[in-house]
Amino acid sequence: MNNQIEIIYEGNLRTIATHLASGTQIKTDAPIDNEGLGKKFSPTDLVATALGSCMLTIMGITANVQNIDISKTKVKVEKIMDIDPRRISKVNIEIIFTNPISDKHKIILERSAKHCPVAKTLGDNVEESIKFIYP
């Protein structure tokens, strides 16, 4: 199934993307260091956000199958940009669990996070540093 997205340029380096099936919208700004307003997610922020969200979603699927409680788990994402050429060079990710997780389940969840489709799409083009933090 294809998910279609329509993106309109609003001017002043801002876009508005609409997920056509749901009507959900996301606005973007160019970052301040690239002539933008920096008041919304930048397109590269969304890439880094997609990586963290994808990891958490895939862990959620795994948790459902394995009957692991990962409710309230949080992901913090830090995007590192290169200047020439301007691109995302690295994403630092902290996955912070609030519930106790057994050693067996830690291995299962960590493996699943590292195999999310966004990570596979980015491949070797973006370095990923992933830290799992348990209570």
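What you see below is based on every heavy atom in this structure, not just the backbone, and it leaves out hydrogens, waters and symmetry mates.
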Just distance, no hydrogens or angles: give the donor-acceptor pairs under 3.5 Å from side chains in residues 128-135, sequence neighbours left out.
{"unit_1": "Tyr134", "atom_1": "OH", "unit_2": "Glu110", "atom_2": "OE2", "d": "2.7"}

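Using a distance-only test at 3.5 Å, with no hydrogens or angles considered, no donor-acceptor pair links the side chain of Thr62 to the main chain of Leu109. In this structure a side-chain-to-backbone donor-acceptor pair under 3.5 Å is missing from Ser53 to Thr49.
For Lys76, the salt bridge (charged side-chain N to carboxylate O under 4.0 Å, His left out) test picks out no residue, with sequence neighbours left out. Thr24 pairs by the side chain to side chain donor-acceptor pair (under 3.5 Å) definition with Ser22, not counting sequence neighbours. By the side chain to side chain contact (heavy atoms under 4.5 Å, CB included) test, Thr18 pairs with Leu20, Gln25, sequence neighbours left out. Scored by the side chain to side chain contact (heavy atoms under 4.5 Å, CB included) test, Lys40 finds Arg14, Lys27, Asp29 as partners (sequence neighbours excluded). Legend: residues meeting side chain to side chain donor-acceptor pair (under 3.5 Å) with Arg111, ordered by chain and number and at least two apart, are absent. In this structure, Glu127 has no side chain to side chain donor-acceptor pair (under 3.5 Å) partners at least two apart in sequence or on a different chain. Under the side chain to side chain contact (heavy atoms under 4.5 Å, CB included) criterion, Val47 pairs with Ile88, Leu122, sequence neighbours left out. Residues that satisfy the side chain to side chain contact (heavy atoms under 4.5 Å, CB included) test with Thr15, not counting sequence neighbours, are Ile7, Tyr9, Thr28.
Under the 4.5 Å side-chain heavy-atom criterion for Ile, Leu, Val, Met, Phe, Trp and Tyr, Val75 and Val126 are members of the same hydrophobic cluster.
Each side-chain hydrogen bond (donor to acceptor under 3.5 Å, both in side chains) pair with one or both residues in residues 63-75, not counting sequence neighbours, appears once here: Asp69-Ser71, Asp69-Asn99, Ser71-Asn99. Under the salt bridge (Lys or Arg N to Asp or Glu O under 4.0 Å) criterion, the residue pairs touching residues 44-64 are Asp45-Lys79, with sequence neighbours excluded. Pairs passing the salt bridge (Lys or Arg N to Asp or Glu O under 4.0 Å) check and including a residue from residues 48-68, sequence neighbours excluded, do not occur.
For NE2 of His115, the number of neighbouring non-hydrogen atoms (other residues, nucleotides, ligands) closer than 6.0 Å is 12 at most.
Between the SG atom in Cys116 and the CD1 atom in Ile58 there is a gap of 6.5 Å [rounded to 0.5 Å].
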